[in-house]
Number of protein chains: 2
Amino acid sequence: MLEIITIKDVKVKIGERCKALRKSNGLSRDELAEALDVSSTTIQNIENGKNATLDNILKVANHFGLLQSITKEIDKVIIDQNNISLY
Amino acid sequence: MLEIITIKDVKVKIGERCKALRKSNGLSRDELAEALDVSSTTIQNIENGKNATLDNILKVANHFGLLQSITKEIDKVIIDQNNISLY
DNA sequence: TAAATTTAACCATTATATTGGTAAATATGT
DNA sequence: ACATATTTACCAATATAATGGTTAAATTTA
C-alpha cells in the first residue's frame, strides 16, 4: 500500500494538530493569537493548512510545550532516513 | 538537567539538518535550489536558521523523502504531549 | 427561540520572505 | 602556485505572509 503524501497534506495535518491543541487547552483563536503576539488571521491560516512561516508554527508548538519533542523528532527523522526500507 | 530550547534553536537545528541532507546527497546549494524551484538564497537562509516558510522547509524534506517520516512524527508529538512527564 | 461566541472569508496595508544579482571570502581540486 | 567550486554577505525589487478591520456564517449557550 503506497501512500503518497504531499506537502499540502503535511500542512493540513499540522494545521489540524494546532487546532486540536488549542481546543484541548480551551483557547479561542483570539486568545491564542494574543498569547503568541500574532494576529488571529495567522492562527486561522495555520489551522487551515495555508502557507505560514516556520517562526509562527514554532510559536504555536512552543506555547504548548512541544519544542523539546520536536527537537527530538528532528533527530529521529535523520535516523529514519539512514534506515530507510526499500520495500 | 533542564534544557531550555528556544524557537531559534529549533530553526538552527532544522537548518543544520537540511544542510547535512544536501551534503550527504552531494548537491550544491544551486543544484538543490534549482531542483526545488526556489532561489539559492532561500536554501542559504534555511540552512542558516533564518525564518522561512513552511512550504519551502517541506520542499526540502520532500526532496529527500522525509515527508512520510515527518507525518508520523507529527502524530507522535501529540502522543508525547499526552504522556508528558512532570519530573 | 434569541444572544453570544467562534469561525470563516474577504480586503487594503504593512511587514517580511523570496528572488536575482553582484562581489568577496573559503574551500576544493589540478 | 593556480583555477574551480562553493559559501557567505550584501542589495534592490518582487512576491507573499502577516496584520487589522469588517461582514457573514456557523456554532454554542441561555
Side-chain angles (χ1 to χ4, degrees), chain A residues 5-67 70-71 73-74 77-78 81, chain B residues 5-67 70-71 73-74 77-78 81:
Chain A
I5 298 174
T6 67
I7 290 175
K8 178 64 177 175
D9 290 339
V10 177
K11 288 193 290 188
V12 167
K13 182 182 266 288
I14 290 174
E16 288 171 348
R17 293 314 187 181
C18 289
K19 186 170 188 171
L21 282 165
R22 175 176 62 79
K23 292 277 192 183
S24 71
N25 282 70
L27 295 174
S28 71
R29 284 181 174 176
D30 282 344
E31 289 171 328
L32 179 58
E34 190 178 14
L36 303 185
D37 196 31
V38 301
S39 71
S40 62
T41 306
T42 295
I43 302 296
Q44 180 180 330
N45 287 339
I46 290 174
E47 292 185 353
N48 289 344
K50 303 283 176 59
N51 198 13
T53 57
L54 184 57
D55 220 75
N56 286 337
I57 298 285
L58 292 177
K59 275 188 184 178
V60 176
N62 183 44
H63 191 257
F64 297 115
L66 293 177
L67 241 44
I70 289 175
T71 301
E73 303 304 341
I74 293 171
V77 162
I78 303 301
Q81 171 73 352
Chain B
I5 299 174
T6 67
I7 290 175
K8 178 65 178 174
D9 291 338
V10 177
K11 288 193 290 188
V12 168
K13 182 180 266 287
I14 289 175
E16 289 170 347
R17 293 314 187 180
C18 288
K19 186 170 188 169
L21 281 166
R22 175 176 62 79
K23 292 275 192 186
S24 71
N25 283 70
L27 295 174
S28 70
R29 286 181 173 179
D30 282 345
E31 288 171 328
L32 179 57
E34 189 178 15
L36 302 185
D37 196 31
V38 301
S39 71
S40 62
T41 306
T42 295
I43 302 296
Q44 180 181 330
N45 287 340
I46 291 173
E47 292 185 353
N48 288 345
K50 302 282 174 59
N51 198 12
T53 56
L54 184 56
D55 219 77
N56 286 337
I57 299 285
L58 292 179
K59 276 188 185 180
V60 176
N62 182 45
H63 190 259
F64 297 115
L66 293 177
L67 240 43
I70 289 175
T71 301
E73 303 304 342
I74 293 172
V77 163
I78 303 300
Q81 171 74 350

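Atoms considered below: every heavy atom in the structure, side chains included; atoms not considered: hydrogens, waters and symmetry mates. Naming convention: chains lettered A, B, ... in sequence-line order (proteins, then strands); numbering from 1 in each chain. None of the values given here were measured: they were computed from a predicted structure.
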Colleague: Distance check: side-chain N/O of A:K59 vs OP1/OP2 of D:dA18, anything under 4.0 Å?
Modeller: no
Colleague: Return yes if some donor-acceptor pair links the side-chain N/O of B:R29 with the main-chain N/O of B:I43 below 3.5 Å, else return no.
Modeller: no
Colleague: If you fit an axis to the five pairs at each end of the helix from C:dT1-D:dA30 to C:dT30-D:dA1, how big is the angle between those two axes, to 10 degrees?
Modeller: 60°
Colleague: Looking at residues at least two apart in the chain, or sitting in another chain, which of them share a salt bridge (Lys or Arg N to Asp or Glu O under 4.0 Å) with A:K19?
Modeller: none
Colleague: Do the side-chain N or O atoms of B:R22 get closer than 4.0 angstrom to the phosphate oxygens (OP1, OP2) of D:dT6?
Modeller: no
Colleague: Over all heavy atoms of both residues, which pair between B:V38 and B:K59 is shortest? Give the atoms and the distance, please.
Modeller: CG1-NZ, 3.8 Å
Colleague: Donor-acceptor check, side chain of A:K11 to backbone of A:I46, threshold 3.5 angstrom: yes or no?
Modeller: no
Colleague: Under 4.0 Å, heavy atom to any atom of DNA chain D: which of residues 26-40 of chain B qualify?
Modeller: B:S28, B:R29
Colleague: Are a donor atom and an acceptor atom from the side chains of B:N45 and B:T42 found within less than 3.5 Å of each other?
Modeller: no
Colleague: List in numerical order all residues of residues 44-54 of chain B for which some heavy atom is under 4.0 Å away from an atom belonging to DNA chain C.
Modeller: B:N51, B:A52, B:T53
Colleague: Roughly how many Å is it from CD1 in B:I43 to P in D:dT6, rounded to a whole number?
Modeller: 14 Å
Colleague: What closest approach, in Å, do B:K8 and B:N48 show between heavy atoms, and which atom pair accounts for it?
Modeller: NZ-O, 4.2 Å
Colleague: Who passes salt bridge (Lys or Arg N to Asp or Glu O under 4.0 Å) against B:K50, sequence neighbours left out?
Modeller: none
Colleague: Is the backbone of A:L67 close enough, under 3.5 Å, to the side chain of A:N62 for a donor and an acceptor to pair up by distance?
Modeller: no
Colleague: If you assign B:T41 and B:K23 each to the DNA chain D nucleotide with the nearest heavy atom, which residue ends up on the more 5' nucleotide?
Modeller: B:K23
Colleague: Are there over 12 heavy-atom neighbours, none belonging to A:E31, within less than 6.0 Å of that residue's CD?
Modeller: yes
Colleague: Extract, from 5' to 3' on DNA chain C, the first and final nucleotides lying under 4.0 angstrom from some heavy atom of chain B.
Modeller: C:dA17 to C:dG21
